Amino acid sequence: MPELPEVQGLVDFLDEHLGGLAVESLELASFTVLKTVDPPPQALAGAPVDGVHRHGKFLDIDCDGTHLVIHLARAGWIRFSEELPRTMLRPGKSPVALRLRMSDGSGFDLTEAGTKKSVAAYLVRDVQDVPGIVRLGPDPLSPDFTREAFGELLAGRPAQVKGVLRDQSLIAGVGNAYSDEVLHVARLSPFAHAAKLTDDEVDVLYEALITTLTDAVAAASGKPAQQLKDAKRAGMRVHGRTGEECPVCGDVVREVSFADRSLQYCATCQTGGKALADRRTSKFLK
């Protein structure tokens with residue numbers, strides 16, 4: 001799933017390539033991708049792109065006050081082309097969900113791999129009309145997201161720290177992958193309880209969160225959209241690297257699997273050398 005750094009990379013790329021151009025058309029190839037009815041897709045025709053922005057994991061294209069907001073979900077992506085094909089989109093015949101065509105012939109296809117269709121697009125006059133955006137917590141790269149604010153967010157919260165990092169209503173933009181990375185940098189178990197962290201552990205976790213995301217955004221900056229996924233995978237320390245060596249200590253990277261996702265961690269670095277039980281009904285190591 002694209003997370004804050006990759007979405008920011010897409011935002012920067014699209015802002016550079018779409019900014020100042022006018023929309024020719026918004027074409028739909030999926031009956032379910034567009035979650036709003038007013039304004040209609042035709043309302044974007046002729047509208048200039050004033051800017052592209054990010055809200056957590058949401059991508060926001062401001063077209064003269066009408067916002068095309070996209071959430072890429074687990075398997076969505078943006079495929080930009082300097083010259084989009086003129087063939088008509090046929091529902092169900094390709095992974096393309098919608099196409100945004102610009103006045104110079106360029107634009108992008110919003111695609112989704114697999115059969116589970118979760119990608120969502122919204123056309124709104126106010127981004128706060130998007131339910132997922134109005135529920136977002138603070139952006140961790142905002143100047144207002146201080147160590148004190150982070151400590152208050154964790155204090156008294158009886159939840160596992162990985163779950164806190166992934167909760168979009170608490171912290172916007174961090175998902176499964178970067179929560180693994182942050183916890184590895186902070187040398188904390190993913191199942192440590194947020195409310196029980198010491199002040200020193202909160203200090204370390206806050207620093208790990210900010211530096212990990214900042215470095216990942218810097219790594220994504222300036223890359224074409226088609227290179228961002230590979231750049232993300234290449235930059236991972238433990239996430240997605242089950243069975244490989246930990247880059248810090250050389251221990252094997254381990255995994256805990258759930259119904260719809262998995263997490264990766266290093267036992268030596270994060271859990272005092274103890275492996276977390278990999279059974280869905282287990283009581284995990286705290």
Side-chain angles (χ1 to χ4, degrees), residues 1-11 14 30 32-39 51-63 65-78 97-98 110 112 116-183 190 193-195 197 202 205-206 209-210 212-214 216-217 258-261 263:
M1 176 183 290
E3 299 179 30
L4 186 158
E6 296 77 53
V7 176
Q8 187 61 53
L10 286 173
V11 164
L14 292 176
S30 166
T32 59
V33 66
L34 189 63
K35 307 302 182 184
T36 53
V37 296
D38 182 39
V52 185
H53 311 283
R54 178 182 61 79
H55 311 277
K57 300 178 190 177
F58 289 84
L59 189 153
D60 167 19
I61 304 172
D62 182 355
C63 304
T66 299
H67 298 259
L68 173 60
V69 178
I70 294 171
H71 191 279
L72 296 167
R74 183 182 294 273
W77 198 244
I78 297 292
L98 67 76
L110 171 62
E112 184 170 20
K116 185 178 181 180
K117 302 303 180 184
S118 302
V119 164
Y122 308 81
L123 272 180
V124 294
R125 297 179 181 88
D126 185 341
V127 294
Q128 294 300 311
D129 291 335
V130 177
I133 289 180
V134 76
R135 292 194 296 263
L136 287 177
D139 192 294
L141 296 186
S142 166
D144 296 332
F145 193 79
T146 62
R147 160 60 179 82
E148 290 72 23
F150 184 57
E152 291 174 3
L153 184 151
L154 296 174
R157 194 169 298 279
Q160 294 164 344
V161 67
K162 181 175 172 70
V164 171
L165 293 175
R166 294 180 64 245
D167 189 334
Q168 298 304 293
S169 68
L170 300 177
I171 302 172
V174 180
N176 195 40
Y178 285 102
S179 58
D180 281 353
E181 295 298 291
V182 167
L183 289 166
H193 277 270
L197 296 179
V202 175
L205 182 58
Y206 175 76
L209 176 62
I210 302 306
T212 299
L213 294 178
T214 300
V217 168
F258 302 93
D260 61 347
R261 62 181 174 87
L263 66 84

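One is the number of the first residue; the rest follow in order along the sequence. Just so it is clear, the structure is predicted and the values come from calculations on it, not from any experiment.
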pair Arg261-Arg166: side-chain heavy atoms closer than 4.5 Å: yes
In this structure, CZ of Phe58 is separated from CG of Leu72 (nearest 0.5 Å) by 10.0 Å
- [ ] Go through the steps to decide whether Leu110 and Ile78 satisfy the test side-chain contact (heavy atoms from CB on, under 4.5 Å), and finish with yes or no.
- [x] CA-CA 5 Å; Leu110 171 62; Ile78 297 292; 4.0 Å; yes
Verify, without hydrogens or angle tests, whether Gln160 (side chain) and Pro190 (backbone) share a donor-acceptor contact under 3.5 angstrom.
-> no
CG of Asp260 to NZ of Lys116, rounded to nearest 0.5 Å, is 6.5 Å
Residues passing the side chain to side chain donor-acceptor pair (under 3.5 Å) test with Arg147, sequence neighbours excluded, are Asp203
**Request:** Give a yes or no on whether the backbone of Glu3 and the side-chain of Glu6 come within a donor-acceptor separation of less than 3.5 Å.
**Result:** yes
Tightest non-hydrogen contact, residues Asp126 and His67, listed as N-CD2, 4.5 Å
For Ala172 and Pro140, the nearest pair of non-hydrogen atoms, with its separation, is O-CD, 3.0 Å
task: Flag the pair Leu34 / Leu98 as yes when at least one side-chain heavy-atom distance between them is below 4.5 Å, and no otherwise.
output: no
- Message: Side chains of Val33 and Lys117, heavy atoms from C-beta outward: is any pair under 4.5 Å?
- Response: no
Rounded to the nearest 0.5 Å, the CG atom of Leu165 sits from the CG atom of Asp180 at a distance of 10.0 Å
Glu112 side chain vs Val119 backbone, donor-acceptor pair below 3.5 Å = yes
Practice prompt. Verify, without hydrogens or angle tests, whether Lys57 (side chain) and Arg54 (backbone) share a donor-acceptor contact under 3.5 angstrom.
Written response: no
Might you work through the side-chain contact (heavy atoms from CB on, under 4.5 Å) test for His71 and Val130, ending with a clear yes or no?
-> CA-CA 10 Å; His71 191 279; Val130 177; over 6 Å; no
In short, Gly76 meets Pro2 closest at the heavy-atom pair O-CG, 3.8 Å
Tightest non-hydrogen contact, residues Leu123 and Pro39, listed as O-CD, 3.5 Å
- prompt: Given side chains that start at C-beta, do those of Leu263 and Phe258 come closer than 4.5 Å, heavy atoms only?
  reply: yes
Sorted by chain and residue number, the side chain to side chain donor-acceptor pair (under 3.5 Å) partners of Ser179 (sequence neighbours excluded) come out as Lys162
Checklist entry - Going through the checks in order, is the side-chain contact (heavy atoms from CB on, under 4.5 Å) test met by Gln168 and Arg135? => result CA-CA 8 Å; Gln168 298 304 293; Arg135 292 194 296 263; over 6 Å; no
Output for pair (Ile133 CD1, Gln128 CD), nearest 0.5 Å, gives 7.0 Å
Given the rule in the side-chain contact (heavy atoms from CB on, under 4.5 Å) test, do Trp77 and Leu10 qualify, once you have shown the distances and angles that lead to the verdict?
CA-CA 9 Å; Trp77 198 244; Leu10 286 173; 3.9 Å; yes
Val202 and Gly151 have their tightest heavy-atom pair at CG1-CA, 4.2 Å
| Can you tell if the side chain of Leu153 reaches within under 4.5 Å of the side chain of Ile171, non-hydrogen atoms only? | yes
To the nearest 0.5 Å, atom CD of Glu181 lies from atom CG of Leu213 at 10.5 Å
What one should report as the nearest heavy-atom pair of Gly56 and Val7 is O-CG1, 4.4 Å
Do Asp129 and Val69 make a side-chain contact, defined as non-hydrogen atoms from C-beta onward lying under 4.5 Å apart?
no
NE2 (His53) and CG (Leu59) are apart, to the nearest 0.5 Å, by 10.0 Å
